[in-house]
Number of protein chains: 2
Amino acid sequence: MKTISEKTIERLIIYRGLLLNLVSDKVKNIFSHQLATMTGFTSAQIRRDIMSIGYSGSPVRGYDIQNLIKSLGEFIDGEEKQPVALVGLGHVGRAVLDYLKGRRPKLEITASFDDDPAKVDRVFQGCMCYHVNDLEKIIEKENIKVGIIAVPADEAQSVAERMANAGIKGILNYAPVKLNIPSGIYVENRDMTLAVEKVAYFARTASE
Amino acid sequence: MKTISEKTIERLIIYRGLLLNLVSDKVKNIFSHQLATMTGFTSAQIRRDIMSIGYSGSPVRGYDIQNLIKSLGEFIDGEEKQPVALVGLGHVGRAVLDYLKGRRPKLEITASFDDDPAKVDRVFQGCMCYHVNDLEKIIEKENIKVGIIAVPADEAQSVAERMANAGIKGILNYAPVKLNIPSGIYVENRDMTLAVEKVAYFARTASE
DNA sequence: ATAACGCTGTTATTTTTTTCACAATTTAAT
DNA sequence: ATTAAATTGTGAAAAAAATAACAGCGTTAT
Ligand SMILES: NC(=O)c1ccc[n+]([C@@H]2O[C@H](COP(=O)([O-])OP(=O)(O)OC[C@H]3O[C@@H](n4cnc5c(N)ncnc54)[C@H](O)[C@@H]3O)[C@@H](O)[C@H]2O)c1
Ligand SMILES: NC(=O)c1ccc[n+]([C@@H]2O[C@H](COP(=O)([O-])OP(=O)(O)OC[C@H]3O[C@@H](n4cnc5c(N)ncnc54)[C@H](O)[C@@H]3O)[C@@H](O)[C@H]2O)c1
């Protein structure tokens with residue numbers, strides 16, 4: 001199968017989210033141009049993206065919503081449920097934990113870690129908080145491949161290294177630092193300062 | 001001046017953040033290939049980006065760190081301080097407010113809004129929380145052009161419309177919905193589910 | 001002075017991503 | 001059956017982004 005770009009994956013995820021929100025008994029099908037209006041992408045882009053996962057619609061009828069959701073799901077999520085580890089139960093960690101809870105059946109934060117005695121060994125949102133010392137042990141035992149970093153900036157690198165050692169293959173990093181880890185591990189950075197600065201730049205220059 | 005792409009802006013912001021973190025009296029200059037190692041971009045890319053804001057380094061010496069930070073700052077931030085409005089003081093809103101506090105001199109959340117009586121008319125991190133009913137009034141009075149949305153998903157569209165009405169030009173949206181607002185307003189979406197799904201996808205497929 | 005070095009600035013090239021445009025196809029109407 | 005209508009799937013074109021390549025220059029060593 002041809003490799004799919006990061007941008008395409010992002011759009012596919014957007015389509016799936018959108019479709020999940022409009023499931024109804026009334027409408028069974030949807031056209032690429034409708035998805036285009038809803039997302040702001042072009043219809044050609046959408047047809048191409050959907051083509052790339054091997055799903056086919058029908059001319060005249062468009063795409064069958066239920067089947068498309070199913071195909072997108074298989075492509076994005078794979079077969080098995082993916083457990084996720086979260087490190088750092090501060091503001092950000094808690095928001096993330098609350099938010100993901102029950103939202104995607106195939107993704108669940110099954111283990112969290114902190115080094116604050118007030119948090120360790122308690123259960124948050126149904127998720128056990130372990131001491132960060134046990135990180136490798138738990139991640140290996142539960143065969144977790146996805147990690148979220150929500151610790152202060154100067155702890156992030158060390159957490160990332162330990163995740164890498166424990167066999168994590170993808171990291172979502174909320175700390176505002178570039179992580180230095182072996183290639184082969186996918187890292188997605190979500191730096192809030194960057195986001196605000198970017199919006200501020202376009203807000204400022206748009207009006208000139 | 002030629003218009004600068006979104007991707008370039010993101011990288012410029014990354015360079016600036018990085019340089020701010022390594023300010024020291026020891027090292028005065030930096031080479032494009034050093035920035036390349038630190039960021040993971042190529043040196044050619046970096047020279048090109050820096051060129052695009054009109055800054056020039058010196059052969060042999062590379063870039064003067066202080067001057068480069070200054071040029072990047074002028075380009076990214078502009079002259080004047082930019083006030084920012086935050087709507088929704090839940091988990092996400094609070095994290096954002098705490099986090100941005102004092103981090104960028106030119107960016108400050110000067111007004112926040114909620115509809116929860118327990119929060120309205122109180123001060124959080126030095127930032128006044130107004131009732132969301134007064135949104136237009138305050139935003140217009142303080143001439144705010146940048147807004148952050150951190151309210152529940154089904155409130156986001158209405159908040160966005162009110163922001164647009166009040167003259168906001170850029171929105172950072174943490175709610176997992178596509179906002180429908182007039183063109184000319186820049187919108188940056190930060191959907192956490194999307195981020196986790198993306199990382200999970202690459203974690204899963206990388207190891208195959 | 002001058003030569004050698006190693007960098008930047010910038011043009012050219014390549015690669016990737018998006019858009020265009022239309023033949024093929026399915027359905028519904030006649 | 002035949003026609004008309006409207007959409008998909010996709011090759012081709014265009015646009016955007018990244019990389020490569022190197023001339024020219026400032027610095028340093030000699
Ligand atoms: N991307 C964003 O939107 C955003 C917003 C705010 C903050 N941040 C960043 O996210 C990170 C967390 O922010 P926060 O506001 O939640 O901070 P916080 O201080 O509220 O939470 C940090 C948590 O990590 C725990 N911790 C500290 N060191 C640890 C370690 N070595 N191992 C395990 N746990 C450890 C602390 O006990 C605490 O519970 C910071 O790096 C911050 O800069 C990002
Ligand atoms: N992008 C992310 O990383 C991420 C993570 C978690 C949550 N979220 C999203 O961010 C948003 C906020 O999440 P949260 O966990 O902070 O939720 P929350 O419920 O903790 O906070 C929402 C806040 O908005 C206020 N509010 C509600 N309606 C309002 C209105 N009409 N006007 C003004 N204020 C109003 C509430 O009083 C509350 O203080 C949600 O849309 C959620 O889906 C995003």
Side-chain angles (χ1 to χ4, degrees), chain A residues 1-15 18-19 27-72 75 183 186 198 201-202 205, chain B residues 1-15 18-19 27-72 75 183 186 198 201-202 205:
Chain A
M1 184 193 293
K2 269 207 72 183
T3 120
I4 300 262
S5 77
E6 261 186 64
K7 290 214 166 167
T8 303
I9 284 291
E10 275 189 27
R11 287 191 301 265
L12 291 170
I13 291 172
I14 290 172
Y15 306 150
L18 215 86
L19 292 171
V27 193
K28 289 245 180 295
N29 295 280
I30 194 165
F31 299 128
S32 62
H33 65 83
Q34 293 177 295
L35 279 168
T37 314
M38 288 188 264
T39 57
F41 307 125
T42 66
S43 62
Q45 179 90 82
I46 284 160
R47 291 199 298 277
R48 205 167 258 290
D49 289 339
I50 290 175
M51 194 184 78
S52 74
I53 64 165
Y55 185 78
S56 273
S58 129
V60 183
R61 284 185 173 281
Y63 300 100
D64 179 292
I65 294 178
Q66 284 306 331
N67 287 339
L68 180 52
I69 289 178
K70 189 151 163 289
S71 286
L72 285 166
F75 188 85
S183 72
Y186 179 86
K198 187 176 165 191
Y201 173 83
F202 286 108
T205 54
Chain B
M1 184 192 297
K2 268 207 73 184
T3 119
I4 301 262
S5 78
E6 260 187 65
K7 291 218 165 167
T8 302
I9 284 291
E10 276 189 25
R11 286 192 301 265
L12 291 170
I13 292 172
I14 289 172
Y15 305 151
L18 214 85
L19 292 171
V27 193
K28 290 243 180 299
N29 295 280
I30 195 166
F31 299 128
S32 62
H33 64 83
Q34 294 178 294
L35 280 167
T37 314
M38 288 188 268
T39 56
F41 307 125
T42 66
S43 61
Q45 179 89 80
I46 285 161
R47 292 200 297 279
R48 196 173 243 300
D49 289 339
I50 291 176
M51 194 183 79
S52 74
I53 64 166
Y55 184 77
S56 273
S58 126
V60 184
R61 284 185 172 281
Y63 301 100
D64 179 294
I65 295 178
Q66 284 306 331
N67 287 339
L68 180 51
I69 289 177
K70 190 152 163 288
S71 286
L72 285 166
F75 187 84
S183 72
Y186 179 87
K198 188 176 163 192
Y201 172 83
F202 285 108
T205 54

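Note on naming: letters A, B, ... go to the chains in the order of the sequence lines (proteins, then strands), and numbering restarts at 1 for each one.
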Presence of B:Arg61 side-chain N/O under 4.0 Å of C:dT8 phosphate oxygens OP1/OP2
no
Whole-Å distance separating the CZ atom of A:Arg11 from the C1' atom of C:dT19:
12 Å
Five-pair end axes of the helix from C:dA1-D:dT30 to C:dT30-D:dA1 and the angle they enclose, rounded to 10°:
10°
Which nucleotide in the list D:dG9, D:dT7, D:dA18 gets nearest to the side chain of A:Pro59?
D:dT7
Within the structure shown, what part of the strands sits under 4.0 Å from A:Thr8 by heavy-atom distance: base, sugar-phosphate, or nothing?
nothing
Provide, to the nearest angstrom, the distance between the CG atom belonging to B:Asn29 and the P atom belonging to C:dG6.
17 Å
Closest-nucleotide 5' rank along DNA chain C - winner of B:Ile50 and A:Ala44
B:Ile50
Of the options D:dG26, C:dT10, D:dT10, whose atoms approach the side-chain atoms of B:Val60 most closely?
D:dG26
State the NZ-CZ distance between A:Lys28 and A:Arg61, to the nearest 0.5 angstrom.
11.0 Å
Atom CG of A:Asp49 and atom P of D:dT8 are separated, to the nearest Å, by 13 Å
Classify the side chain of A:Arg48 and the base of C:dT18 as holding, or not holding, a donor-acceptor pair under 3.5 Å.
no
Can you figure out which of C:dT17, D:dT10, D:dA17 approaches the side chain of A:Lys7 most closely?
C:dT17
Heavy atoms of B:Lys198 and A:Ile13 approach each other most closely as N-CD1, 3.6 Å
I need the CD-C1' distance between A:Glu6 and D:dA18, as an integer number of Å.
15 Å
Is any side-chain N or O of A:Ser58 closer than 4.0 Å to OP1 or OP2 of C:dT26?
no
Over 60° means perpendicular and under 30° means parallel, so tell me whether B:Phe41 and B:Tyr15 are parallel, tilted or perpendicular.
perpendicular
How many whole angstroms separate atom CZ of A:Arg47 from atom C1' of C:dA23?
13 Å
Atom pair CG (B:Leu12) and CD1 (B:Ile53), whose distance is rounded to the nearest 0.5 Å:
6.0 Å
Tell me what A:Tyr63 touches on the nucleic acid: a base, only sugar-phosphate, or nothing, going by heavy atoms under 4.0 Å.
sugar-phosphate
Minimal heavy-atom distance between A:Asp49 and A:Arg11, with the atoms involved, is OD2-NE, 2.7 Å
Atom pairs and distances, side-chain donor-acceptor, residues 29-36 of chain B, under 3.5 Å, sequence neighbours left out:
residue: B:Ser32; atom: OG; partner: B:Arg47; partner atom: NH1; Å: 3.2
residue: B:Gln34; atom: OE1; partner: B:Phe31; partner atom: N; Å: 2.8

So what does A:Ser43 hit on the nucleic acid, given a heavy-atom distance under 4.0 Å: a base, only sugar-phosphate, or nothing?
nothing
Nucleotide D:dA20, atom C1' - distance to CZ of B:Phe41 in whole Å:
18 Å
For residues A:Asp64 and A:Tyr55, report the shortest heavy-atom separation together with the two atoms involved.
O-OH, 3.5 Å
Between atom OH of A:Tyr63 and atom OG of A:Ser56, what is the distance when rounded to the nearest 0.5 Å?
8.0 Å
Checking contacts here: which listed nucleotide (C:dT19, C:dT8, C:dT10) is nearest the side-chain heavy atoms of A:Gln45?
C:dT19
Can you tell me the distance, in whole Å, between the CD1 atom of B:Ile9 and the P atom of D:dA17?
12 Å
Here the distance between atom P of D:dG9 and atom CD1 of A:Ile46, to the nearest Å, is 13 Å
Where the side chain of B:His33 is defined as all heavy atoms beyond and including C-beta, which of C:dT10, C:dT26, C:dC7 is the nearest nucleotide?
C:dC7
So does B:Thr42 get a side-chain nitrogen or oxygen closer than 4.0 Å to the phosphate oxygens (OP1/OP2) of D:dA18?
no
